[in-house]
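These notes concern the structure reproduced below.
If you read the sequence from its start, that first residue is 1, and numbering goes on from there. When reading the values below, keep in mind they use all heavy atoms of this one structure, side chains included, and skip hydrogens, waters and symmetry mates. Owing to the predicted nature of the structure, the values given are computational and were not obtained by experimental measurement.
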Amino acid sequence: MPIRQLPESTVNRIAAGEVVERPASVVKELVENALDAGARRIDVFTDGGGRRLIRISDDGAGMTAADLPLAVERHATSKLADDDLVSIRTLGFRGEALPSIGAVARLSITTRHAQEPHAWAIEVDAGAKSEVKPAALGEGTRVEVRDLFYATPARLKFLKLDRTEAEAVREVVRRLAMSRPDVAFTLAGEERAPVTFAAALPGAPGRLARLGDVLGAEFRANAVEIAAERDSVVIEGFAALPTLTRANALGQYLFVNGRPVRDKLLLGAVRGAYADYLPRDRHPLLALFVTLPPPEVDVNVHPAKAEVRFRNAGLVRALIVGALKTALAREGTRAATTGGSATIAAFRPAVAPPRGFDWRRSPARPQDTRSFDTRRPFAPPRGGFAEAAQAAFDVGAPAADLREGLSESTEIAPATELLDHPLGAARAQVHETYIVAQTRDGLVIVDQHAAHERIVYERLKAALEQTGVARQILLIPEIVEMDEADVERLVARADELARFGLVLEAFGPGAVALRETPSLLGEIDGAGLLRDLAEHLSEWDETLPLERRLMQVASSMACHGSVRAGRRLKPEEMNALLREMEATPNSGQCNHGRPTYVELKLADIERLFGRR
């Protein structure tokens with residue numbers, strides 16, 4: 001077959017396939033044009049998920065009558081003053097968006113420049129351009145796209161349901177709204193209620209307000225500010241506490257010089273920063289803004305400009321990891337407010353007893369009228385709380401009767417000086433697992449195992465960095481039998497495990513001899529620890545750096561060396577644990593990302609009882 005030149009209409013439709021993938025792609029290109037034009041208000045309206053209609057209006061600079069015909073020509077742009085592709089300071093620069101959209105749909109542009117006496121309009125129907133005509137418009141530009149892909153029916157078949165396409169449009173507007181909190185956005189259409197993001201104040205407070213509008217009040221209440229700078233690279237934004245996570249990475253929003261991107265380098269940096277806090281199946285929520293000189297980043301490596309390439313990728317990654325770790329360590333003792341909210345929500349108001357009801361004759365109370373004995377568990381009436389909350393109050397017999405040995409006139413003085421501490425003063429231990437502490441303005445419920453697990457883990461990390469982990473030699477080595485494959489994995493990593501004070505060696509084909517253990521763990525279940533480590537080693541990613549793998553070992557060891565659930569603690573032990581939590585970095589969550597405590601404000605508790 002001889003070589004021939006393709007018709008211009010076919011060339012334009014092929015090019016449109018790279019730029020216009022779905023209605024959301026059209027919205028992205030048009031909104032970016034509005035932002036480049038200096039708009040301070042952008043209104044987006046769609047019908048049929050954008051398939052039937054997309055209308056975008058802005059109050060930007062607009063175009064003159066002479067510029068309007070050029071705007072719908074391929075490779076015509078006003079954003080490259082000196083044809084410098086190295087220093088790109090705008091969101092768009094290729095001049096392909098409008099002609100590509102006009103090649104596959106019915107495009108109408110109405111615009112008015114401040115120097116023009118009135119507005120002008122032009123239409124493009126499947127690549128056929130009309131003459132420029134006078135029109136009526138107050139200011140800015142209005143772009144309408146109708147019957148998307150009607151000129152390429154094959155592409156139309158690949159669109160999803162209207163609801164799905166509308167959600168993709170919503171996500172595009174959300175990302176662009178986060179990148180520009182100084183611009184007001186409105187998103188409306190038949191398939192959704194109107195959503196409005198008002199323009200926010202400049203600076204970090206305004207950015208957090210916009211992120212809260214987009215990501216919800218839950219993110220705003222649990223956000224940690226991120227700020228770092230090195231060698232003209234600036235990292236700003238907000239990240240959620242590790243106790244507020246999602247099951248996927250869709251809650252991670254990354255921006256480079258104001259451009260929303262899904263860059264693998266940046267996502268990998270986020271995973272590395274949170275690796276010390278989260279299990280592998282949970283993902284953090286954050287919005288990070290990377291600002292650097294335009295020559296230091298190439299934004300022309302992806303047709304949709306969704307990925308970028310950094311000149312010094314190592315610097316950017318290290319700065320992101322360092323900024324996130326510093327901020328999370330600074331707020332490490334905080335736990336997500338969602339824990340307290342969920343606890344309050346677990347309660348429901350008790351049903352008022354019928355008139356004439358006698359508590360003394362109720363099934364929940366013994367028929368005898370003996371005086372109440374503090375050494376007997378109190379059984380509250382059923383139905384007053386949700387089942388999960390009700391079970392927590394079935395505490396069993398008290399650990400000790402504090403009245404023994406005291407005269408009748410002796411009172412137990414509360415540790416009022418401890419109430420001023422962030423985690424307050426310990427008051428009780430529930431189910432030999434949870435510590436209930438009182439603060440000045442509420443109460444705190446602590447998971448003793450999760451809290452001590454984080455404390456031990458931080459001790460191991462500190463010891464490894466400073467003097468090394470001290471070992472204790474077992475008088476009689478512990479022989480642990482396991483599969484030969486597990487033995488091989490453990491023996492192959494013996495040197496790395498020895499850095500944490502865990503000394504072992506092969507003991508025949510299917511056993512391991514454990515000779516030394518970390519002294520700070522005290523008495524541990526060596527067999528259980530080795531079996532867990534062998535299981536974790538089988539799932540290791542060999543591409544992870546040695547430091548990251550060592551931290552995984554430390555996490556497993558901390559879990560086995562911490563206070564277990566079911567252990568009864570004395571009051572001084574409980575208070576000592578609370579004080580250690582306050583002094584330990586990242587103590588708001590355990591090594592697996594679970595919260596170590598839940599705080600309930602007194603005002604919330606009072607609402608349960610109708611006091612507020």
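When side chains are defined from C-beta on, Leu577 counts as touching Gln448, because their heavy atoms get closer than 4.5 Å. At a threshold of 4.5 Å between non-hydrogen side-chain atoms, the residues Leu502 and Pro518 count as touching. Proximity of Glu505 to Val512: side-chain heavy atoms (C-beta onward) are nowhere separated by under 4.5 Å. Here the side chains of Leu176 and Ile42 are not in contact, with every heavy-atom distance at 4.5 Å or above. Taking the side chain as every heavy atom from C-beta outward, Leu474 and Leu514 approach each other to under 4.5 Å. In this structure the side chain of Phe310 reaches within 4.5 angstrom of the side chain of Leu265, judged on heavy atoms. Side-chain contact check for Met581 versus Ile455: some heavy-atom pair is nearer than 4.5 Å. His283 places none of its side-chain heavy atoms less than 4.5 Å from the side chain of Leu278.
Contact between Pro294 and Ile88 at its shortest, heavy atoms only, is CB-O, 3.6 Å. Shown here for Met574 and Ala426, the closest heavy-atom pair between the two residues is CB-CB, 3.6 Å. When all heavy atoms of Glu331 and Val224 are compared, the closest pair comes out as CG-CG1, 3.6 Å. When all heavy atoms of Asp213 and Phe197 are compared, the pair lying nearest together is O-CE2, 3.8 Å. The two residues Gln589 and Thr596 make their nearest non-hydrogen contact at C-CG2, 3.4 Å. Nearest approach of Asp59 to Arg41, heavy atoms of both residues: OD1-N, 3.0 Å.
Side-chain N/O atoms of Asn586 and Glu458 include a donor and acceptor closer than 3.5 Å. Counted by atom type alone, Gln472 and Thr517 present one or more donor-acceptor pairs between their side chains at under 3.5 Å. Side chains of Arg282 and Tyr274: a donor-acceptor N/O pair is absent below 3.5 angstrom, by distance only.
Expressed to the nearest 0.5 Å, how far CZ of Arg220 lies from CG of Leu208 amounts to 7.0 Å. Between the NE2 atom in His421 and the CG atom in Leu418 there is a gap of 5.0 Å [rounded to 0.5 Å]. Rounding to the nearest 0.5 Å gives a distance of 6.5 Å between CG of Leu324 and CG of Leu286. For the atom pair Glu307 CD and Asp263 CG, the distance stands at 6.5 Å (nearest 0.5 Å). Taken from CG in Leu91 to CG in Asn33, the straight-line distance is 9.0 Å, to the nearest 0.5 Å. Note that the CD1 atom of Ile226 and the CG atom of Leu328 stand 6.0 Å from one another [nearest 0.5 Å].
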Would Arg174 and Val169 satisfy side-chain contact (heavy atoms from CB on, under 4.5 Å), going step by step from the backbone distance to the final call?
CA-CA 9 Å; Arg174 280 159 51 97; Val169 170; over 6 Å; no
Would Arg180 and Glu32 satisfy salt bridge (charged side-chain N to carboxylate O under 4.0 Å, His left out), going step by step from the backbone distance to the final call?
CA-CA 11 Å; Arg180 291 294 301 273; Glu32 286 181 350; over 6 Å; no
Let me see the working for Tyr597 and Asp447 under side-chain contact (heavy atoms from CB on, under 4.5 Å), right down to the final yes or no.
CA-CA 6 Å; Tyr597 72 91; Asp447 183 336; over 6 Å; no
Test side-chain contact (heavy atoms from CB on, under 4.5 Å) on Ile54 and Val27 and set out the steps.
CA-CA 7 Å; Ile54 297 173; Val27 172; 3.9 Å; yes
Determine, step by step, whether Ile435 and Leu423 satisfy the side-chain contact (heavy atoms from CB on, under 4.5 Å) criterion, reporting the C-alpha distance in whole Å, the side-chain angles of both residues, the deciding distance to 0.1 Å, and the verdict.
CA-CA 11 Å; Ile435 299 172; Leu423 297 181; over 6 Å; no
For Lys601 and Asp441, what are the C-alpha separation, side-chain angles and deciding distance, and is it a salt bridge (charged side-chain N to carboxylate O under 4.0 Å, His left out)?
CA-CA 6 Å; Lys601 295 298 183 181; Asp441 59 349; 3.2 Å; yes
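Here the side chain of Asn312 pairs a donor or acceptor atom with the backbone of Leu315 at under 3.5 angstrom. Side-chain N or O atoms of Arg210 include none that pairs as donor or acceptor with a backbone N or O of Asp182 at under 3.5 Å. At least one donor-acceptor pair closer than 3.5 Å links the side chain of Asn222 to the backbone N or O of Glu218. No donor-acceptor pair closer than 3.5 Å links the side chain of Glu478 to the backbone N or O of Ala513. Formation of a donor-acceptor pair under 3.5 Å by the Ser587 side chain with backbone atoms of Thr584 is found in this model. In this structure, the side chain of Arg259 engages the main chain of Thr90 through a donor-acceptor pair within 3.5 Å. One N or O on the side chain of Glu165 and one on the backbone of Lys160 form a donor-acceptor pair closer than 3.5 Å.
In the displayed structure, Asp420 atom CG is contacted under 6.0 Å by more than 12 heavy atoms of other residues, nucleotides or ligands. Remark: Arg309 CZ is loosely packed, at most 12 non-hydrogen atoms of other residues, nucleotides or ligands lying under 6.0 Å away.
We find that Glu580 and Arg459 are joined by a salt bridge, their nearest charged nitrogen and carboxylate oxygen being less than 4.0 Å apart. In summary, Arg440 and Glu599 do not engage in a salt bridge, as defined by a charged side-chain N under 4.0 Å from a carboxylate O. A salt bridge links Arg311 with Glu296: the closest approach of a Lys/Arg side-chain nitrogen to an acidic carboxylate oxygen falls below 4.0 angstrom.
Taking the ring axis of Phe289 as reference, the NZ or CZ atom of Arg207 stays within 45° of it and closer than 6.0 Å to the ring centre.
Each of Val480, Val487, Leu497, Asp486 was scored for a side chain to side chain contact (heavy atoms under 4.5 Å, CB included) with Leu530, with one residue passing: Val480.
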